[in-house]
Protein chains: 2
Amino acid sequence: MTIKEVARLAGVSPAAVSRYLNGGPLSKDKKERVARAIEETGYRPNLMAKTMRTGKVRQVGVIVPRIMSESVNSLMDGIAEELLEKGYMTVLGYTDRSKDRELQYLDIMQSSRVAGIVLMATTLSEIKKVSLESCTLPLVITGQNFEGMPCVYHDDFNAVRELTELMIQKGAKRIVYIGVLEEDKAAGLARHEGCREALRRAGFDADGMPMRIADFEAQSGYQAMTELLEENPDLDGVICATDIIAHGAMKALKERGKRIPEDVMIAGVGDNWADLISTPTLTTVKLHQRRCGAEAARLLLELIGETEGEAEAEAGESAGHKSIKLGYRIIERESL
Amino acid sequence: MTIKEVARLAGVSPAAVSRYLNGGPLSKDKKERVARAIEETGYRPNLMAKTMRTGKVRQVGVIVPRIMSESVNSLMDGIAEELLEKGYMTVLGYTDRSKDRELQYLDIMQSSRVAGIVLMATTLSEIKKVSLESCTLPLVITGQNFEGMPCVYHDDFNAVRELTELMIQKGAKRIVYIGVLEEDKAAGLARHEGCREALRRAGFDADGMPMRIADFEAQSGYQAMTELLEENPDLDGVICATDIIAHGAMKALKERGKRIPEDVMIAGVGDNWADLISTPTLTTVKLHQRRCGAEAARLLLELIGETEGEAEAEAGESAGHKSIKLGYRIIERESL
DNA sequence: CTTTATAATGAAAACGATTACACGTTTCTG
DNA sequence: CAGAAACGTGTAATCGTTTTCATTATAAAG
């Protein structure tokens with residue numbers, strides 16, 4: 001069904017049908033005829049053709065590293081809600097198990113001419129930087145602060161620093177760390193550094209702190225904890241880069257007869273739903289992922305607006321890339 | 001950047017550029033010139049225009065009820081992986097907090113002329129049935145068996161029946177149920193019926209079984225369990241429609257001094273990651289969500305293939321809508 | 001009953017690609 | 001060397017819309 005056929009059926013010109021759909025001037029008589037023809041045929045205007053003609057797309061691309069993750073989900077939730085309100089749809093790209101997929105998606109999305117892109121960044125290689133900088137579409141990065149681009153990110157460093165300081169203040173002396181790959185600048189590097197900084201400030205040996213790298217699954221937290229416990233039987237505090245890792249670690253601690261928090265304190269990052277049902281409940285630091293998504297979407301929409309109204313802007317005062325750093329909140333529970 | 005500008009820059013016709021990109025016959029000389037022009041301009045063909053002309057879309061729509069859910073995520077994971085392999089992108093629609101969004105999305109996606117749609121169904125009203133049946137695009141339903149349409153779904157009924165029978169066999173006499181809204185034919189109605197059927201077969205009073213309706217969060221499972229415990233202090237078994245609910249319920253049981261499984265047995269559905277880290281670990285029945293997604297995607301691609309090659313098909317022998325019913329596996333752990 | 005303003009209308013040109021078609025070269029064949 | 005076959009190439013039509021512009025019909029004003 002095309003607009004032409006409908007027009008023929010209604011005995012009017014395609015233009016008339018278009019006007020009916022978009023609210024142009026049209027006589028009552030024709031309005032009715034068109035309405036009937038549409039009703040009968042079940043005609044639906046082809047959005048693609050419309051976009052093509054008007055240049056206005058109602059889709060934005062969202063690229064995330066994983067999909068099976070509460071924090072990523074929250075982010076997407078925030079993005080989608082904000083976008084939906086403005087009538088945009090979300091085109092999803094997720095790059096699990098392959099880093100170059102990230103660039104592939106960036107490429108396809110640019111070719112698809114979506115209105116803009118939100119990319120949740122983890123690693124940030126040279127080649128990727130170039131790709132991002134040369135992106136022809138409005139682009140907002142989340143999860144990392146990438147100088148020169150609009151970003152919405154968390155204060156991972158201070159979040160974990162403060163969390164660790166709390167643990168130290170409560171009496172932990174021999175703290176170990178379970179993190180994720182340091183390639184991941186935020187969840188990997190920044191959190192690790194935050195923990196080390198706290199140790200330094202307390203006069204502990206930050207460089208000598210025992211640690212393990214896990215992935216984002218409980219099982220690997222369990223594994224890491226088991227190993228650390230073997231090598232450091234007298235440890236009395238564990239900082240984990242994510243709550244899921246912490247839950248895995250907690251399992252290992254309990255199995256080995258450690259009482260939490262009496263013998264060993266433990267804390268994670270993320271405010272996962274499971275923190276409340278575990279025994280003991282898990283102390284954590286909440287990063288505002290949903291908010292992060294919402295802000296990113298808002299920022300993107302702003303950029304999209306600017307791009308569309310390029311006419312007036314002209315001389316770039318819009319060069320001032322807005323970036324947003326979000327806060328955090330430590331949530332004290334039983335494990336610390 | 002359009003193909004025309006590139007052509008002008010390279011001193012060739014637009015057709016030549018197109019042929020360069022799509023592998024038509026072209027002289028060495030021109031190939032080089034075009035290559036250079038593309039390199040210089042960073043030209044990227046507009047996929048939308050291409051689709052418009054060729055009628056071949058590389059996007060499929062996926063409509064899900066929620067996004068913050070491990071089972072939904074697994075499904076999406078299965079879908080996306082299968083699709084990505086064939087070069088398709090995923091357009092996401094999620095209908096959290098509003099049922100009519102489901103139809104809205106169905107509408108928009110049809111208008112967007114995506115290649116096909118996977119819809120994860122929960123409720124199934126009359127109006128929705130009509131909308132689904134009159135969908136003009138290839139459509140696969142997951143999560144429910146909807147007669148007359150291609151579906152991929154789980155055997156929720158027997159999964160929970162068998163799970164309940166196991167609990168009975170292990171000695172539970174006074175079983176209670178925590179479910180979700182029965183509007184949800186699969187997770188709501190079918191699982192509840194499965195539980196009741198097991199009771200009936202064991203000669204228990206299925207109609208008198210105490211129960212509560214929760215939503216998909218641990219907190220509401222906790223709440224439901226608390227109430228049930230109040231009214232039925234002597235209960236000795238709990239079947240939960242989802243693992244998350246079960247974890248909330250377990251929390252409530254433990255707080256009230258019930259030993260699991262000695263005093264009260266409990267089990268859920270879904271094989272959530274947290275099942276392994278809780279104490280005790282949770283007995284559950286695994287539904288193959290990832291597989292479900294993958295099969296749905298495969299089915300959809302088949303349908304898309306048929307639609308494209310409509311030429312030969314003609315007289316409908318393809319009327320035989322394939323549907324797939326997936327199995328389940330009971331995973332016995334400590335809670336039962 | 002003209003004249004002028006206003007509203008409704010359709011034809012045709014875009015949007016950015018692909019591709020059928022015809023034309024001009026070159027190469028092969030007899 | 002003529003004619004056929006093969007190849008390379010550009011022009012123009014097309015996909016399904018919106019929108020400009022010129023036109024016509026209708027209403028208001030003189």
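By convention in this document, chain letters (A, B, ...) are assigned in the order of the sequence lines, proteins followed by strands, and residues within each chain are numbered from 1.
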For residues 17-25 of chain B, dump all side-chain donor-acceptor pairs below 3.5 Å to protein atoms at least two apart in sequence or in another chain.
{"from": "Ser18(B)", "atom 1": "OG", "to": "Asn22(B)", "atom 2": "ND2", "distance (Å)": "3.3"}
{"from": "Asn22(B)", "atom 1": "OD1", "to": "Lys50(B)", "atom 2": "NZ", "distance (Å)": "3.3"}
{"from": "Asn22(B)", "atom 1": "ND2", "to": "Ser18(B)", "atom 2": "O", "distance (Å)": "3.1"}

Problem set entry | Spacing of Lys56(B) atom NZ relative to dA17(C) atom P, expressed in whole Å | 19 Å
Problem set entry | side chain to side chain donor-acceptor pair (under 3.5 Å) involving Ser131(B) - partner list, sequence neighbours excluded | none
For this session: Using the test side chain to side chain donor-acceptor pair (under 3.5 Å), find all partners of Glu183(A) that sit at least two apart in sequence or belong to another chain.
Result: Lys99(A)
Exercise. Given atom CD1 of Ile3(B) and atom P of dC15(C), what is their separation to the nearest angstrom?
Worked result: 14 Å
Exercise. Under a 4.5 Å cut-off applied to non-hydrogen side-chain atoms, are Pro65(B) and Met120(B) in contact?
Worked result: yes
For this session: Give a yes/no verdict on a cation-pi contact between Arg66(A) and Tyr94(A), requiring under 6.0 Å between NZ or CZ and the six-membered ring centre and an angle within 45° of the axis.
Result: no
For this session: Would you please say whether a donor-acceptor pair under 3.5 Å links the side chains of Gln110(B) and Thr136(B)?
Result: yes
For this session: Figure out the NZ/C1' separation between Lys50(B) and dA17(C), and round it to whole Å.
Result: 9 Å
Exercise. After noting the C-alpha distance and the side-chain angles of Tyr88(B) and Gln59(B), does the key distance pass the side-chain contact (heavy atoms from CB on, under 4.5 Å) rule?
Worked result: CA-CA 5 Å; Tyr88(B) 282 79; Gln59(B) 282 188 175; 5.8 Å; no
All N/O contacts under 3.5 Å from nucleotides 13-15 of chain D to the protein, with atom names and distances to one decimal?
{"from": "dT14(D)", "atom 1": "O2", "to": "Arg53(B)", "atom 2": "NE", "distance (Å)": "3.4"}
{"from": "dT14(D)", "atom 1": "O2", "to": "Arg53(B)", "atom 2": "NH1", "distance (Å)": "3.0"}

For this session: Would you please name every residue forming a salt bridge (Lys or Arg N to Asp or Glu O under 4.0 Å) with Arg58(B), sequence neighbours left out?
Result: none
Exercise. Under 3.5 Å, is there a donor-acceptor pair between the Lys185(B) and Thr123(B) side chains?
Worked result: no
For this session: Provide, to the nearest angstrom, the distance between the CE atom belonging to Met48(A) and the P atom belonging to dA17(C).
Result: 13 Å
Exercise. So, is Tyr43(B) close to the dA17(C) phosphate, meaning a side-chain N or O under 4.0 Å from OP1 or OP2?
Worked result: yes
Nucleotide N/O to protein N/O under 3.5 Å, stretch nucleotides 8-10 of chain C:
{"from": "dT9(C)", "atom 1": "OP1", "to": "Ser27(A)", "atom 2": "OG", "distance (Å)": "2.9"}
{"from": "dT9(C)", "atom 1": "OP2", "to": "Ser27(A)", "atom 2": "N", "distance (Å)": "2.8"}
{"from": "dT9(C)", "atom 1": "OP2", "to": "Ser27(A)", "atom 2": "OG", "distance (Å)": "3.2"}
{"from": "dT9(C)", "atom 1": "O3'", "to": "Lys30(A)", "atom 2": "NZ", "distance (Å)": "3.1"}
{"from": "dG10(C)", "atom 1": "OP1", "to": "Lys30(A)", "atom 2": "NZ", "distance (Å)": "3.0"}
{"from": "dG10(C)", "atom 1": "OP2", "to": "Ser13(A)", "atom 2": "N", "distance (Å)": "3.3"}
{"from": "dG10(C)", "atom 1": "OP2", "to": "Ser13(A)", "atom 2": "OG", "distance (Å)": "3.2"}
{"from": "dG10(C)", "atom 1": "N7", "to": "Arg19(A)", "atom 2": "NH2", "distance (Å)": "2.6"}
{"from": "dG10(C)", "atom 1": "O6", "to": "Arg19(A)", "atom 2": "NH2", "distance (Å)": "3.4"}

For this session: Can you tell me the distance, in whole Å, between the CG atom of Leu47(B) and the C1' atom of dC15(C)?
Result: 15 Å
Exercise. Can you check the Arg113(A) CZ to dC15(C) C1' distance for me, whole Å?
Worked result: 12 Å
Exercise. How many Å lie between CD on Glu5(B) and C1' on dG16(C), as a whole number?
Worked result: 11 Å
